[in-house]
Engineer: 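The structure follows.
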Amino acid sequence: MSIWTYIINRAIRAIMLILGIIVLTFLLSHVLAPNPAHVWAGPHAAPSVIQAIIKEYHLNQPIYVQLYYYLISSLTFNFGVSPFFKQPVSKLIAIYLPRTLQLIFVAMILTGLIGVFSGAFAAEHKDEWGDYTVKALYLISWCMPPFLAALLLQLFIAYEWGVLPPNLIADPTLAAPRYITGFPTIDALIEGNWPYFWSSLRHLILPAFALALISFGVITRITRSSMLLSLQSDYIKAAIMRGVDKRRVVYTHALKNSMIPVITLLALVFSWMISGSVIIETIFSYEGLGWLLTTALYNYDYPTVIGCSIVIGIAVVIANFIADVLYAVIDPRIKLG
């Protein structure tokens, strides 16, 4: 099977999975709310508003007709109007999703750096104190609930030591940049709004580190295992016999050839962070998609919950699709099938 045939097959599967997510969301929404119009309109809506919603979303028609219009609306990202925020849900997602992506990208960089170098360090000191220390640290972080890790970081680093701000996306007293890319830090950089740029960076570090802390362990384990295999290779033994510095052998030659599984794993880490960001953003009041979803749940904002859930599901499917493609492209030893 050629690489392009493999990619097309994976793309078709991803599309089918996205359609399945939308259909499942539709079925669950009707199970949880037998009268969706009353929930979509909000708790204090007038009867005329409820009737308008029934007509607009075809809720008075057979279920298969409703599903058809639901699919069309979801695929065009038309999720209706939020009864709580009083704005189209697609507009809310366009505002809050880039903030979550900004948080996740920074967290992925931290996860990759911490995971790769701690894994390499553990492999270099196999069965020594360094190896045992790294194992203990990543096991503790892996077993710790995300909310507890976030609260501990917030308590000590923000409140006790005052090193970083405890919450929010930036200092609320500063003028926010206009919407250009949707990423607050990048928009501030483009505008030259330096006070907001540095403030958003400082506010970004703590939630990103909390998100990285609950994810780096799997990178550490994979890096350590790959490094141990690489260190047993003939070319590594030959380099050591030629007198090449051990640290150079470990962190240049062996580490480079151990990165293939790590690179592909980062695409999967992205999907884990999407779900983890819901908790992290809520604790740090970081107004991203996770914060939007939680706020919508608290306020029975039915359209926003559905829209956020579908977008998160699509993001996870795309991340897994990218991981599958990276496996095939980066490592030619993997059979395509």
Side-chain angles (χ1 to χ4, degrees), residues 1-31 64 66-80 89-109 111-112 181-183 211 214-215 218-219 222 259-278 281 288-290 292-293 303-337:
M1 182 186 296
S2 68
I3 183 64
W4 290 111
T5 304
Y6 175 82
I7 291 174
I8 291 171
N9 287 338
R10 292 296 182 184
I12 293 173
R13 292 184 185 183
I15 292 171
M16 296 302 294
L17 188 54
I18 289 172
L19 291 175
I21 290 171
I22 296 174
V23 172
L24 182 60
T25 307
F26 172 82
L27 296 175
L28 288 175
S29 65
H30 278 67
V31 170
Y64 60 86
Q66 295 181 42
L67 176 59
Y68 168 76
Y69 285 107
Y70 186 89
L71 282 170
I72 297 300
S73 298
S74 298
L75 293 174
T76 56
F77 294 97
N78 177 19
F79 303 111
V89 176
S90 57
K91 182 179 179 181
L92 291 171
I93 292 173
I95 293 172
Y96 291 100
L97 178 59
R99 299 177 182 180
T100 295
L101 293 178
Q102 174 179 273
L103 173 64
I104 290 175
F105 289 151
V106 174
M108 284 183 66
I109 292 172
T111 298
T181 64
F183 297 88
L211 199 54
I214 61 177
S215 306
V218 65
I219 302 290
I222 294 297
M259 290 300 293
I260 289 175
V262 174
I263 293 172
T264 52
L265 187 61
L266 282 174
L268 297 177
V269 169
F270 175 86
S271 64
W272 301 339
M273 287 187 173
I274 283 281
S275 57
S277 66
V278 175
E281 288 180 3
L289 194 66
L292 177 65
L293 176 59
T304 305
V305 170
I306 290 177
C308 292
S309 300
I310 290 176
V311 168
I312 289 173
I314 291 173
V316 171
V317 171
I318 292 174
N320 282 275
F321 169 72
I322 293 173
D324 287 341
V325 173
L326 284 175
Y327 270 119
V329 172
I330 295 176
D331 193 347
R333 296 171 298 178
I334 296 175
K335 288 185 178 182
L336 303 180

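Since this is a predicted model, take the numbers as computed values, not measurements.
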Engineer: Can you see which heavy atom on L211 is nearest to which on G276, and at what distance?
Structural biologist: CD1-C, 3.8 Å

Engineer: Please give me the minimum heavy-atom distance between V316 and N320, naming the atom from each residue.
Structural biologist: O-ND2, 2.7 Å

Engineer: Would you call L289 and L293 a side-chain contact if the rule is heavy atoms closer than 4.5 Å?
Structural biologist: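 Sidechains of L293 and L289: no contact.
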
Engineer: Return the minimal non-hydrogen interatomic distance between A14 and V317, and the atom names on each side.
Structural biologist: O-CG1, 3.6 Å

Engineer: Could you measure the distance from the CZ atom of F270 to the CG atom of L101? Nearest 0.5 Å is fine.
Structural biologist: 5.5 Å

Engineer: Just how far is it from atom CG of N78 to atom CD1 of I72, taken to the nearest 0.5 Å?
Structural biologist: 11.0 Å

Engineer: Would I21 and I314 count as a side-chain contact (heavy atoms from CB on, under 4.5 Å) here? Give the steps.
Structural biologist: CA-CA 8 Å; I21 290 171; I314 291 173; 5.8 Å; no

Engineer: Residues in side chain to side chain donor-acceptor pair (under 3.5 Å) with T304, at least two apart?
Structural biologist: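 Per chain and number, T304 pairs via side chain to side chain donor-acceptor pair (under 3.5 Å) with S82, D301.
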
Engineer: Rounded to the nearest 0.5 Å, how far apart are CD1 of I104 and CE of M273?
Structural biologist: 7.5 Å

Engineer: Roughly how far apart are F183 CZ and L103 CG, rounded to 0.5 Å?
Structural biologist: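 Taking CZ in F183 and CG in L103, the distance rounds to 11.5 Å.
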
Engineer: Determine the minimum heavy-atom distance between I219 and G112, stating which atoms define it.
Structural biologist: CG2-O, 4.5 Å

Engineer: Find out whether M16 and R13 are in side-chain contact, i.e. whether some heavy atom of one side chain is under 4.5 Å from a heavy atom of the other.
Structural biologist: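 No, every pair of side-chain atoms sits at 4.5 Å or beyond.
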
Engineer: Indicate the atoms forming the closest heavy-atom contact of P98 with G182, along with that distance.
Structural biologist: CB-O, 3.2 Å

Engineer: Let me see the working for Q102 and R99 under side-chain contact (heavy atoms from CB on, under 4.5 Å), right down to the final yes or no.
Structural biologist: CA-CA 5 Å; Q102 174 179 273; R99 299 177 182 180; 5.6 Å; no

Engineer: Considering only heavy atoms from C-beta outward, does the side chain of V305 approach that of F79 to under 4.5 Å?
Structural biologist: no

Engineer: Mind checking the CD1-OG1 spacing from I312 to T100? Nearest 0.5 Å is all I need.
Structural biologist: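 Separation between the atoms: 8.0 Å.
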
Engineer: Are the side chains of L19 and L75 in contact, using a 4.5 Å heavy-atom criterion?
Structural biologist: yes

Engineer: Evaluate side-chain contact (heavy atoms from CB on, under 4.5 Å) for F26 paired with L71, printing each intermediate quantity in order.
Structural biologist: CA-CA 9 Å; F26 172 82; L71 282 170; over 6 Å; no

Engineer: Using a 3.5 Å distance criterion without hydrogens, assess whether the side chain of S275 forms a donor-acceptor pair with backbone atoms of W272.
Structural biologist: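 The answer is yes, because a donor-acceptor pair under 3.5 Å joins these two groups.
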
Engineer: Could you work out, with side chain to side chain donor-acceptor pair (under 3.5 Å) as the rule, every residue matching T181, not counting sequence neighbours?
Structural biologist: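 With neighbours one apart ignored, the set is D187.
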
Engineer: Determine yes or no for a side-chain-to-main-chain donor-acceptor pair under 3.5 angstrom, with S73 supplying the side chain and Y70 the backbone.
Structural biologist: no

Engineer: Please walk me through it: do L67 and L27 pass side-chain contact (heavy atoms from CB on, under 4.5 Å)?
Structural biologist: CA-CA 9 Å; L67 176 59; L27 296 175; over 6 Å; no

